[in-house]
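Read the numbers this way: they start at 1 and go in the same order the structure lists the ligands and their atoms. Only this structure's heavy atoms are used, side chains among them; waters, hydrogens and symmetry mates stay out.
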Amino acid sequence: MDKKIAIFPGTFDPVHFGHIDVVKQATQIFDTVIWLIGENTTKKPMFSLDQRIKMLEITRKLMGFQNVEISSSNGLLARFAEKAETRFIVRSLRSSMDFEYEYQMTLVNRKIFPDLITIYIPARQDYIHISSSAVRELIRNGELISEYIPPSICDYIGTIYSK
Ligand code: PNS
């Protein structure tokens, strides 16, 4: 049987426990998960692409994710999926508000690549209040972020800001 590959795309600026839990769940469904840093043209990331890739690499090692590949793209997600020869996209939902945005994105992606299937994984209740934007606000204001991201990522962020 063909290996089932899924893409979990996002900005991951920075990665947090909510994202990590979704990757963990996705790895239980798919043989391979491509953890993809995509470009959201409505956002100007706080962390560079290289820094965000590094954060995903630290997380993959920390979590012992064997079947997770890290990648990045500045093009269309649907075209990336086509090239990667997969039809599966994983996204997470924290609320009905997320659904509005996600569903619209799903429909646009499906217009580009009609075979695409998007699977929404509901966020664990403990993590529904976590967002990268909240973590960024805390970082900007020098507040603790250890409740939201793993210690090794906190340390890495610390090294960026101590420079
Ligand atoms: O974490 P985010 O910011 O919600 O992730 C959004 C992302 C990066 C998945 C989305 O913006 C995306 O797929 N960007 C690639 C460009 C694209 O395919 N746009 C069409 C979908 S509307």
Side-chain angles (χ1 to χ4, degrees), residues 4-27 29-30 32-60 63 65 68-140 145 147-150 153-154 156-157 160:
K4 283 231 176 330
I5 303 170
I7 301 170
F8 176 46
T11 307
F12 307 117
D13 184 42
V15 65
H16 56 62
F17 284 133
H19 300 134
I20 298 169
D21 187 55
V22 173
V23 175
K24 196 172 163 188
Q25 294 187 58
T27 59
I29 306 169
F30 294 97
T32 301
V33 174
I34 301 175
W35 199 351
L36 180 76
I37 301 182
E39 189 176 8
N40 183 337
T41 51
T42 68
K43 293 180 178 171
K44 191 171 179 326
M46 177 177 196
F47 296 98
S48 72
L49 178 61
D50 284 350
Q51 288 167 342
R52 285 175 287 145
I53 289 174
K54 179 80 183 163
M55 289 186 221
L56 299 198
E57 284 169 352
I58 293 170
T59 307
R60 177 173 60 181
M63 298 300 295
F65 289 143
V68 172
E69 291 171 12
I70 294 162
S71 195
S72 65
S73 158
N74 58 6
L76 288 173
L77 176 60
R79 295 289 175 225
F80 182 94
E82 256 180 336
K83 279 200 194 109
E85 296 186 349
T86 178
R87 300 182 293 130
F88 302 108
I89 303 289
V90 168
R91 291 283 289 175
S92 178
L93 293 177
R94 287 167 302 191
S95 65
S96 54
M97 262 148 52
D98 277 353
F99 179 76
E100 297 294 323
Y101 165 69
E102 293 300 331
Y103 189 50
Q104 195 207 9
M105 202 156 71
T106 295
L107 296 181
V108 173
N109 286 333
R110 212 156 49 187
K111 281 270 176 216
I112 303 166
F113 179 14
D115 289 344
L116 216 50
I117 294 175
T118 301
I119 293 168
Y120 304 129
I121 296 188
R124 205 171 286 280
Q125 204 168 2
D126 298 351
Y127 300 144
I128 50 177
H129 63 295
I130 306 181
S131 65
S132 292
S133 57
V135 175
R136 289 195 301 274
E137 282 305 309
L138 295 173
I139 294 170
R140 279 195 193 98
I145 48 171
E147 201 185 310
Y148 307 99
I149 63 178
I153 303 291
C154 288
Y156 177 64
I157 291 174
I160 295 170

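Proximity of Ser132 to Thr11: side-chain heavy atoms (C-beta onward) are nowhere separated by under 4.5 Å. The shortest distance between side-chain heavy atoms of Leu76 and Ile112 falls below 4.5 Å. The closest side-chain heavy-atom distance from Tyr103 to Arg91 is not below 4.5 Å.
Between Pro14 and Met55 the shortest heavy-atom distance is CB-SD, 3.6 Å.
Between Glu57 and Lys54, no side-chain nitrogen of the basic residue sits less than 4.0 Å from a carboxylate oxygen of the acidic one, so the salt-bridge criterion is not met.
For the pair Tyr101 and ligand 1, the shortest N or O to N or O distance falls below 3.5 Å. Between Leu77 and ligand 1, at least one N/O pair is under 3.5 Å apart.
Heavy atoms of Gly75 approach ligand 1 to within less than 4.0 angstrom. For the ligand labelled ligand 1, residue Arg91 lies inside the 4.0 Å heavy-atom shell.
Annotation for ligand 1: atoms under 4.0 Å from non-hydrogen atoms of Gly10 are 1 (O), 5 (O). Using a 4.0 Å cut-off to heavy atoms of Gly38, the atoms of ligand 1 that qualify are 8 (C). Numbered from 1 in the order shown, with element, the atoms of ligand 1 that lie under 4.0 Å from a heavy atom of Met105 read 10 (C), 21 (C), 22 (S). Interface of Lys43 with ligand 1, defined as ligand atoms under 4.0 Å from a residue heavy atom, comprises 1 (O), 2 (P), 3 (O), 4 (O).
Below 30°, between 30° and 60°, or above 60°: for His19 and Phe12 the angle between ring planes is above 60°, a perpendicular geometry.
Here Phe17 contributes atom CZ and Ile153 contributes atom CD1; the two are 9.5 Å apart, rounded to the nearest 0.5 Å.
Considering only non-hydrogen protein atoms, atom 19 (N) of ligand 1 sits nearest to Leu76 CD2, 3.9 Å. Nearest non-hydrogen protein atom to atom 1 (O) of ligand 1 is Thr11 N, 2.9 Å. Of the protein's heavy atoms, Asn109 OD1, 3.5 Å lies nearest to atom 21 (C) of ligand 1.
A donor-acceptor contact under 3.5 angstrom links the side chains of Tyr120 and Thr106, judged on distance only.
Which of Gln104, Lys111, Glu39 comes nearest to atom 15 (C) of ligand 1 through a heavy atom is settled by distance: it is Glu39.
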